[in-house]
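Worksheet: one structure, shown below.
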Amino acid sequence: AKDAGRGVFRTYEPQLHVQAEERRVLEMALRKAIENNEMHLNYQPVVDAGTGGLTGFEALLRWTHPELGPISPAKFIPLAEEARLIESIGEWVLRTACDEAASWPSHIRIAVNASADQLQNANFVTVVTSALANSGLSAERLELEVTESVFMHEGLGATKTLERVLDLGVRLSLDDFGTGYSSLGYLSRTRFSSIKIDRSFVQGASKGVREAIAIIRAVVALAKSLGMATTAEGVETEAEHQMVQDLGCTKVQGFYFGRPLPVEEARTLANRRWSD
Ligand code: C2E
Ligand code: CA
Ligand code: CA
Ligand code: CA
C-alpha cells in the first residue's frame, strides 16, 4: 500500500512510519483482544501501613498478544484511549474485577483504574451500577482510581459523572498524585477517600531527596486535614516502607508487599488470615 509518493515521507521520517504501522497493527488486535480471551486481570495487594494487614487489591490489566506476547499497559492503554476502545475495555475490567472481588471476604476492597475518557460519558454511572448489581459487590468495597487528567479535559462533564458515582457509595482515589498538573481546587470539591502518592516521590524520599520528603509530608498533612487516606505507591524495599510509614502514609502498595498476582493467588491471599 506504500506507493512512491508516500515513500518520500518514509525516508524523511522512518521512525514515525514504523510507529504508525505498529500502532495500526496493535489497534486492530486490540479491537478483538477481549473476545479472543487475550486479556486478564492481575491483582496487587494494598496493605495497611501500620498493621501490615491486607486491605484490598488493585486490578491491573494484562494483555498477551498471541504472537507479540505480553504488551505493557503503559503502551496499550493510551492506544486504547486514542482508538476509543477504552470504554468497552474499561467496562470489561470493571465487571471482571467486581465479579472476582465479590468472592473475597467482605473487608477486602477492590480498586479499579478508570480512564478520564470513561468518565466523559454519563453512561459510566449505568455501567458501574450494573457491574455492582450483577456481581453483588457492595458499593463501599469498590474504589475507582482516577488521575488528575480527569479534571483537565471537559472537566465539568467528568465532575458530574464522579458526583453520581460517589452517590452510589463507591469510593474515589486520586492516582499518581503530584505527577500531573496538580491543582488543589478539585481536592476540596471532590470527595476523594484517598490520595495515591506516586512512586517517584517514594523513591526520592528513601534516597534522602529533601524535596520528595517535603512533598510527601505536605500531601499527608493535606490529606489528613481533608479526612483522606494516603497510599504510597511502588514501595520496593523495607527502607522505603519505613520511610513512608514514618512520613505518615496510611496505606502502602508495591513489590515489597506483593507483585500484581494472578487471580487464584490473589484469592488465596484474600482468604488468608494475617496470622497465617
Ligand atoms: P498505575 O495505576 O499507577 O498502577 C501502578 C503500576 O505500578 C502498575 O504497573 C504496577 O504493576 C506498578 N507497580 C506496582 N508496584 C510497583 C513497585 O514496587 N515497583 C515498580 N517499579 N512498579 C510497581 P502496570 O500494571 O504496568 O500498569 C501501568 C499503568 O497502566 C497503571 O498505572 C495504569 O495507569 C494503567 N492501567 C493498568 N490497568 C488499567 C486498567 O484496567 N484501566 C486503565 N484505564 N488503566 C490501567
Ligand atoms: Ca492505579
Ligand atoms: Ca498510580
Ligand atoms: Ca501511573
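The figures that follow rest on heavy atoms only: side chains count, while hydrogens, waters and symmetry mates do not. Please read these numbers as outputs of a predicted model, since none were measured by experiment. Order of appearance sets the numbers: ligands from 1, and atoms from 1 within every ligand.
Of the options Pro73, Pro78, Ser173, the smallest heavy-atom separation from atom 30 (O) of ligand 1 is shown by Pro73. Ranked by closest heavy atom to atom 23 (C) of ligand 1, the top entry among Tyr256, Phe255, Phe257 is Phe255.
Taking a cut-off of under 4.0 Å to the non-hydrogen atoms of Val93, the atoms of ligand 1 that pass are 41 (O). Close approach of ligand 1 to Ser115 is summarised as follows: ligand atoms under 4.0 Å from at least one heavy atom of the residue are 44 (N). Close contacts of ligand 1 with Glu236, meaning ligand atoms under 4.0 Å from a residue heavy atom, involve 17 (C), 18 (O), 19 (N), 20 (C), 21 (N).
Ionic pairing of Arg217 and Asp246 is not present here: no N-O contact between side-chain nitrogen and carboxylate oxygen is shorter than 4.0 angstrom. By the 4.0 Å N-to-carboxylate-O rule, Glu82 lies close enough to Arg23 to be salt-bridged with it. In this structure, Lys32 does not pair ionically with Glu38, as no charged nitrogen and carboxylate oxygen lie closer than 4.0 Å. The residues Lys196 and Glu58 are annotated as salt-bridged, a charged nitrogen and a carboxylate oxygen being separated by less than 4.0 angstrom.
On a distance-only criterion, Gln253 and ligand 1 share no N/O pair closer than 3.5 Å. Residue-to-ligand polar distances place Gln44 within reach of ligand 1: an N/O pair is separated by less than 3.5 Å. For ligand 1, none of its N or O atoms has an N or O atom of Ser72 under 3.5 Å away.
Tested against Glu236, the residues Arg199, His241, Gln203 include a single side-chain hydrogen bond (donor to acceptor under 3.5 Å, both in side chains) partner, Arg199.
Put simply, Ser173 stays out of reach of the Ca ion (ligand 2), with no N, O or S atom under 3.0 Å from it. At a cut-off of 3.0 Å, Glu233 coordinates the Ca ion (ligand 3) through an N, O or S atom. The Ca ion (ligand 3) lies at 3.0 Å or more from every N, O or S atom belonging to Glu145.
Nearest heavy-atom pair across Leu54 and Pro45 is CD1-CB, 3.7 Å. Across Gly258 and Gln44, no two heavy atoms sit closer than the pair O-NE2, 3.0 Å.
Checking Glu87 against Asn123 by side-chain atom types alone, no donor-acceptor pair falls below 3.5 Å. Looking only at atom types and distance, the side chain of Glu148 has a donor-acceptor partner in the side chain of Tyr186 under 3.5 Å away. The closest side-chain donor-acceptor pair between Thr231 and Gln253, if any, does not fall under 3.5 angstrom. Inspection of the Tyr256 and Glu238 side chains reveals an N or O donor paired with an N or O acceptor under 3.5 Å.
Within a 6.0 Å radius of CZ in Arg164, no more than 12 heavy atoms belonging to other residues, nucleotides or ligands are found.
Look at Glu233 and you'll find a heavy atom under 4.0 Å from some atom of ligand 1. Using a non-hydrogen distance threshold of 4.0 Å, Glu58 registers as a contact of ligand 1. Not a single heavy atom of Gly90 sits under 4.0 Å from any atom of ligand 1. At least one heavy atom of Arg199 sits less than 4.0 Å from an atom of ligand 1.
Of all the heavy atoms of Lys196, none lies under 4.0 Å from any atom of ligand 1, so neither backbone nor side chain is involved. The part of Arg62 lying near ligand 1 is the side chain, judged by heavy-atom distances below 4.0 Å. Counting heavy atoms under 4.0 Å from ligand 1, residue Asn42 does not touch it at all. In Asn113, the parts holding a heavy atom less than 4.0 Å from any atom of ligand 1 are both the side chain and the backbone. Contact annotation for Leu61 and ligand 1: heavy atoms of both the backbone and the side chain come within less than 4.0 Å of the ligand. Using a 4.0 Å cut-off between heavy atoms, Asp176 contacts ligand 1 through its side chain alone, with no backbone atom that close.
Nearest N/O/S atom of Asp176 relative to the Ca ion (ligand 3): this is OD1. If you look at Glu58 and ask which of its N, O or S atoms sits nearest the Ca ion (ligand 2), the answer is OE2. Distances from the Ca ion (ligand 2) to the N/O/S atoms of Asp175 are shortest for OD2.
The CZ atom of Phe57 sits 4.5 Å away from atom CG of Leu269, with the distance rounded to the nearest 0.5 Å.
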